[in-house]
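All values below were derived from every heavy atom in this structure, side-chain atoms included, with hydrogens, water molecules and symmetry-related copies excluded. Lettering follows sequence order; numbering is per chain, from 1.
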Amino acid sequence: MSGTTIPPLALSVEHLGVTLAGRDGPLPVLEDVSFGVPAGRTLALIGESGCGKSMAALALMGLLPEGLRCDTGAIRLLGEDLAVAPPARLRALRGSTLSMIFQEPMTALNPVFTVGEQIAETLRLHQGLDAAAARAGALEMLRKVEIPAAAQRLDAYPHQLSGGMRQRVMIAIALACRPRLLIADEPTTALDVTVQAQIFDLLKTLQRETGTAILLISHDLHAVADIADEVAVLYAGTCVETGPASRVLAAPEHPYTRALLACSPRLRLGAAAAGPAPDLLEVPGMVPPLGQRGPGCRFAPRCELAGADCNHPPPLRPAGAGRAAACWRVGDTTLEAVA
Amino acid sequence: MGGNRSTLPAAPAKPASPAREMLRHFLRHPAGMAGFLILLAVALASLAGPGLYGVDPADMAAAPFEPPGPEVPLGADYLGRDVLAGLLIGGRASLSVGLAAALISVLIGVAVGALAGWFGGWVDRVLMKVTEFFQVLPSLLFAMVLVTLFGASLGIITFAIGVVSWPGVARLTRAEYLRVRGLDYVRAAVAGGGRPHYLILRVVLPNALPPIIVAAALAIGVAILFEGGLSFLGLGDPNVISWGMMLGQNRTYLLDAWWAVTFPGAAIFFTVLAVSLLGEGLNDAINPRLRKRG
Ligand SMILES: Nc1ncnc2c1ncn2[C@@H]1O[C@H](COP(=O)(O)OP(=O)(O)OP(=O)(O)O)[C@@H](O)[C@H]1O
Ligand SMILES: [Mg+2]
């Protein structure tokens, strides 16, 4: 899917650090996270539960929960650094240039307004449309997200729609102002399997139409393999591997990525197929909780290849072909392979 | 156009708005409807009654302590004034003070509670300190002080009652805002770029409103009682006849003329009862919907 020329980056996250204010000083939640989403392409952020994917997404939106703050690094959206943008600027960007859809379509729509009113509201807020134009725009968006009988659904309340339809409405709201970046945090987790596939298809279609870059957070590695162009793998708040989705998923470099892929039994491609026993559905061990991360490589305690040198944190280093990995072992093997 | 009774699950024909659903529930609630009808009757009687009955309530036309009879249906008080005429006109003061004071307390309470609950932090701490201050103040005494200082006019009395009775509404509103603020659709609205005033008024308020409506209905009852209490103590507006004033003036003659005390007392009792029945009906109409929406 990815062409030979990589388009300019819509979003580039550079050395992002997020901390949680604790009693004994700030606790790192994200450390030195870097990745980029090319314009009009999809980057998938993957990793186990609790490794910081949602916090990364919220940091981009400027919506970190209370107690968390982004204190290092840059978040460049079309060149503009959001990490230092004033709140009013962020508010103007949110919902128009930068929008987000959430995991729970059942609860993410306001129960007291019709779906038409909720889509129209975004258009009025960001594009200053009058009521009639906003309503027409809302109808057009409902058609775009392929909701049957769109004209009637315009006046439906959220509780009258199914989960899949509500998520379509959320997508309509998020895309109404043609954002340059759409963040989708597990957009299909709450939906049943057939609907999940439809939603991913819809996102792909709309991306082709609007050229929106998508930052997708998902545990569904099949979907990731299917729709992502790029992948960034997070582990315990650090970025351990990035690169083109097809290559990373087929031949993971980082031991963590390898273990993660091995957990997805139907996705045994390339090197992952030769991995551990097929009945293994979990990476052994646990993600270290906040404040209990060691000084060296975060994955070392669970890693088969860990050695003494892993007591120093490995930086994210280029690993060939647009890829990068944060592992002392990776450099060795690539060098050997190249030699 | 007309409401379609049959609700086929798949047919997107006529979506029922949450507000309309609530109304439908309320109309089927016996206690709530009883309360509503009693209040309606009281309101109609006090609006149209004095004109229809045509007797001046201040006129000392009958003999003092004249018992109920064909001349004076509900008897006369110690000065020979017609109790029924007083009752009809007195409803105006009680209801208007009740409504206006409840409105004042709801406006203050919602504003304070919404700001505290939405912004949290120091805004919340300061506003809640102020709320606590008003809450621990003995409200009847405070209202008496206000009335004594500024004079016993109906406006001042209304204001005094409103000002002493908002803390409950503020706490309730704050709790609702704290609850709703964390819900997904509010986070989604924030992520959609909404400004604070838009989020507070358009996104959160309609969802926080149901318990506030119930509290407002109950506040009307409390305000009516409050006005009755002030008038009973002789702190009411001396130029306006109210049920509390009738009670207060006739209380020493209870054994000579039970009717002059009993009827105004009953009027207050039934009106306040009707208001709380109405509140109960609203509560039941609103809450099952919230539970269903989960
Ligand atoms: N509101 C919060 N306050 C403090 N810490 C939080 C908060 N929310 C999450 N965290 C912590 O931040 C870390 C990253 O959490 P995050 O929600 O980003 O994980 P995730 O990768 O999105 O997981 P999942 O796949 O389960 O959604 C976790 O250790 C979590 O405990
Ligand atoms: Mg998450």
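- Contact tally against chain A (heavy-atom pairs below 4.5 Å) for Ala191(B), Gly194(B), Pro206(B), Ala188(B): the top residue is Ala191(B).
- Within 6.0 Å of atom CZ in Phe36(B), 12 or fewer heavy atoms from other residues, nucleotides or ligands are found, so the atom counts as exposed in its surroundings.
- For Glu121(A), the part lying near chain B is the side chain, with the backbone staying farther off; criterion is any non-hydrogen pair under 4.5 Å.
- The backbone N or O of Leu206(A) lies less than 3.5 Å from no partner atom in the side chain of Lys144(A), so there is not a single donor-acceptor pair.
- With respect to the salt-bridge test (charged N to carboxylate O, under 4.0 angstrom), the residues Glu140(A) and Arg143(A) do not qualify.
- Here the side chain of Arg174(B) pairs no donor or acceptor atom with the backbone of Ala116(B) at under 3.5 angstrom.
- Looking at Leu109(A), the atoms closer than 4.5 Å to chain B (heavy atoms on both sides) all sit in the backbone: N, CA, C or O.
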